[in-house]
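The block underneath contains the structure these notes are about, expressed in structure tokens.
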Amino acid sequence: MDRQLTLMAVHAHPDDECLSTGGVLARYTAEGIRTVLVTCTNGEQGDGPGGVKPGDDGHDDAAVAERRLAELRESVSVLGIDHLELLGYRDSGMDGWETNNHPDAFANVPVDTAAARLAELMERYRPDVVVTYDETGGSGYFHPDHVQAHRITAAAVEASGVPAKFYYTAIPRSAIKRMFEFMRESGADLGDFQPSDDFGTPDELVTTVVDVAPYVERKLKALMAHESQGENIFLLRMPEETQRQAFSHEAFIRVLSRVDAPDHEDDLFAGLRP
Ligand SMILES: [Zn+2]
């Protein structure tokens, strides 16, 4: 084989790499594929030490960013990711927060400006496959930084023309349903909680489901590396069997392919392997 296949995942904050792509990053690295993680912001608007919330007294943006970037490096090492690239933008905070108005917030950076930097990275690493969120920032999440990550990635994919395949992360509705059924059966007290029917990605849009069951342990370990945000990571509080069930597969929507690949595939690199 002439050159190493390369996967690039573009995420908004430190910790986002774990849930939707931790398994594929770990699996493809283990298979000898080169993996590149691009994290757009420093995560300044995460929780501070002792769970101090952004905007509260004692929340030190710079210290939170430093801690989260250290956690990110730990997660990258757990997953085995080959290259970490930080765009270094300022975390915009959740939709509606005062911090959305900060002139340097990632969401306020002109798309072309940030996309040009990402396109440069695509030209340097020549990823065959690029993964990021859909236009809602990932299955209806609407965090301004996730929406912006989508915008700049789509623009960079188009401008660079580098990747042969381009994907959005997905949480299939059927998988969400199965997870809640599983939790109920295993005795979890969910009260009357029922995921709404329009939560998650309609199954008919999902093109790609990758089995990452052997990497669940590693994915959990990477998630736990983001200890300072543990309170926000609801899956860390679930019983182990639920985590295993929820983490064993990762799903994607293929939005671009310059190679022949089946309509439904179990490999992001289908059609690209020698
Ligand atoms: Zn995020």
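Values below: all heavy atoms of this structure, side chains included; hydrogens, waters and symmetry mates excluded. Both ligands and their constituent atoms are indexed starting at 1 by order of listing.
Applying the ring pair (Phe, Tyr, Trp, His ring centres under 6.0 Å) rule to His143 yields the partners His13, Tyr141, His146; only residues at least two apart in sequence or on another chain are considered. For the ring pair (Phe, Tyr, Trp, His ring centres under 6.0 Å) test, no residue two or more places apart in sequence or in another chain qualifies with Phe247. A search for ring pair (Phe, Tyr, Trp, His ring centres under 6.0 Å) contacts involving Tyr167 returns nothing, not counting sequence neighbours.
Protein atoms of type N/O/S that fall under 2.8 Å from the Zn ion (ligand 1) number 4 in this view.
Between Val131 and Leu268 the shortest side-chain heavy-atom distance falls below 4.5 Å.
Residue Met122 forms a side-chain contact (heavy atoms from CB on, under 4.5 Å) with just one option from Thr153, Val36, Val38, and that option is Thr153.
Between the side chains of Tyr125 and Glu85, at least one donor-acceptor pair of N or O atoms lies under 3.5 Å.
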